[in-house]
Amino acid sequence: MKRKWLNAVSTLALAFVMLLLPIFSTVDGSKQTKNYVDYTTQTRTISADESVIDYESIFNEYEDAKLETNGSLTTFEGRQVLNLADLEELDEVSKKELEGEQLNIKYKYSFDYVTDKVTLTAVSIKDTEDGEIQEEIIDTIEGTAFINEAGNIDAVLDIDGEQYLLSELQEAGMVEGCGLFKKLFKAIKKVTKTVVGVVGAIATVAVPAVIGVVGAITGVGLVATVVVGAVAGATIASATAAASTAQQNNGKVDWETVGICAGVGAVVGAVVSGAAYGITKAVQAAKAAKAAKAAEETTKTAETVSKAMSGTEKVSKGTGYKSFDAFKKANGPAGKDQAWHHIVEQNSNNVSKFGANSIHNTGNLVKIPSGYKGSLHSKITGLYNSKAFDITGDASITVRQWLSTKSFDFQYEFGVSKLLEFAKELGITIVLP
Amino acid sequence: MENIKKIEKFKTVCVNRYNALYVENNYVKGNRLEKKIIELGQELIVSQRGVEELKNLLSDGNEIVRYYVASIIISLYPEESILVLKDIEQNGQTHLASNVKYVLLNYQEKNNYFEKFLANSKAEKSK
């Protein structure tokens, strides 16, 4: 009887283990997958040192400043009169033709802390001959805030149909930018610093040329502070801060639908989940198709140029690694104000085409000055992020996108020649592989 | 906008685009100005008058302006444009000198943006 009972228990236990085995395997497997999309709610708790913001001084910068909160949506509106003469190159970088000596600009800002959508709009206001007030949108930039893999706040901005990572722009020193918001930025820079000081722990995201977008979720008065931001920053940050005071959640900020994808995006490097942030797969597919077409058209070009210098030869003599981390482990860090730079870039397209061993290879990596505005690294990155119809034969793709469709040797030759060119300009010597 | 105004603006935008990318290291600003160059180039290249005015810029005193104009009208005036580009490649003082080979290769490969734009415009008109 006892033996029968033991047998039954053993059988049940075995069945139970067999049932659970695939479940555990799945869980374990998901942990090992790097390119995942996580839609779970994430919580961050950040301390603030103080809790006072001088809204008055910020609002004084504007006429008819208005701040409203409706549910999760916060909006700010304010007007400023700008002298065109003070705005260098404004006429060229704004989307609309601007006439006259002065511009009456209404800035509109909105931030939704549930969807993380941030929008900044500049509207010109004119009085018509009939006494009517005519409003015309000069520029709009939309962005989406998210928490990156390192746990910091970042944002993806859509500028003229291109996606830019705010952190990338900040690193490149382009935050102050130019154009419409230039004066505004200068005027509020001091205030921004004050606000930043007040709220304490902050992940500031500012914007590049023309427009900045600062969003904020701030638990002022208690301890939760997270600021996601823009150039119109102080105003916006404080505006949102004020609005979201009521929305604070015991010192915690809940981020809903934060999809963090470890994959490398074609446009902005390591970015976020397309589904979560509007960088849809459809857009990426369209860009890839366009790039593939460009590749087809210029294959012969690549072959011609590659004869001048062979990156393949360099790499065949070098040592390859399965990852960049493995390379750095073996070769050490680049050092202060230096970075390891991949001559043929380490994007997913290149890695799958040429193999990790060719990309993370001593023949393809070079140590160059980095981490400050005007560094060799920022210059070469800027060129790769630029659009150049003359080089690419296309008005819509960046040099990086164009290059990624080329052969290894073509990319290598292009990368080396530009590195040498910029190094010469900066008066520095680099040791090529 | 009158053509004269457009030409003046075109020249300014070309120089500012170059400066944004290579001097100020601000590619976002550079990309916006690049778009502006394309817009102005398209507006000018569709009219005979505009094309002639662009052609005159092949002898402009500024290397940056000459480079962009040659890149735009190379399919319409290949001889003159290639001459200008070759000169920039050999004697140029800007970063554009090293880009000349790509402009020339694109032209050979019929991958010039404005050539494709003109072909599309003609196709649209004939519909």
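This one's a predicted model, so the numbers in the text were calculated from it and none came from an experiment. Residue numbering restarts at 1 for every chain, and letters A, B, ... go by the order of the sequence lines.
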**Q** Against chain A, label B:Phe114 side chain, backbone, both or neither, depending on which of its atoms sit under 4.5 Å from a heavy atom there.
**A**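 The side chain, not the backbone.
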**Q** How long is the straight-line distance from CG of B:Asn31 back to CG of A:Asn385, given to the nearest 0.5 Å?
**A**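 Between atom CG of A:Asn385 and atom CG of B:Asn31 there are 8.0 Å.
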**Q** Which residues, numbered in order, of residues 54-63 of chain B come under 4.5 angstrom of chain A by heavy-atom distance?
**A** none
**Q** Can you tell if the side chain of A:Glu421 reaches within under 4.5 Å of the side chain of B:His95, non-hydrogen atoms only?
**A**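 A side-chain contact under 4.5 Å exists here.
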**Q** Has B:Gln93 got more than 12 heavy atoms of other residues, nucleotides or ligands less than 6.0 Å from its CD?
**A**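 Atom CD in B:Gln93 is not packed in, count stays at 12 or less.
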**Q** Do A:Ser386 and B:Arg17 have side chains that approach each other closer than 4.5 Å (heavy atoms only, starting at C-beta)?
**A** yes
**Q** Go through the structure and list residues passing ring-ring contact (aromatic ring centres under 6.0 Å, His included) with B:Phe10, not counting sequence neighbours.
**A** none
**Q** Applying side-chain hydrogen bond (donor to acceptor under 3.5 Å, both in side chains), name anything that partners B:Asn99, two or more places apart in sequence or on another chain.
**A**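 Testing B:Asn99 for side-chain hydrogen bond (donor to acceptor under 3.5 Å, both in side chains), a comparison that skips the adjacent residues, returns A:Lys418, B:Tyr22.
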**Q** Roughly how far, to the nearest 0.5 Å, is the CD1 atom of A:Ile391 from the CG atom of B:Leu105?
**A**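 Separation between the atoms: 12.0 Å.
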**Q** When you check the gap from the basic side-chain N to the acidic O, do A:Lys373 and B:Glu24 get nearer than 4.0 Å?
**A** no
**Q** Nearest 0.5 Å, please: how far is CZ in A:Arg400 from OH in B:Tyr27?
**A** 8.0 Å
**Q** What's the spacing between A:Asp390 CG and B:Leu104 CG if we round to 0.5 Å?
**A** 11.0 Å
**Q** Would you please indicate yes or no on a ring centroid separation below 6.0 angstrom for A:Phe414 and B:Tyr102?
**A**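 Centroid distance B:Tyr102-A:Phe414: below 6.0 Å, so yes.
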**Q** Any donor and acceptor pair, going by atom type alone, linking the side chain of A:Asp394 with main-chain N or O of B:Tyr113 inside 3.5 Å?
**A**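 It does not hold such a pair.
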**Q** What is the minimum heavy-atom distance between A:Gly374 and B:Asn25, and which atoms define it?
**A**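 Taking A:Gly374 first and B:Asn25 second, the nearest heavy atoms are CA-ND2, 3.4 Å.
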**Q** With a strict 4.5 Å heavy-atom criterion, list every residue of residues 65-79 of chain B that contacts chain A, or say none.
**A**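 B:Tyr67, B:Tyr68, B:Ser71, B:Ile72, listed by number.
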**Q** Using modelled atom types and a 3.5 Å cut-off, is there a donor and acceptor pairing between side-chain atoms of B:Lys35 and backbone atoms of A:Lys387?
**A**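 A pair under 3.5 Å: no.
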**Q** Counting C-beta onward and ignoring hydrogens, is there a side-chain heavy-atom pair between A:Phe389 and B:Ile37 closer than 4.5 Å?
**A**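 A:Phe389 vs B:Ile37: side chains touch.
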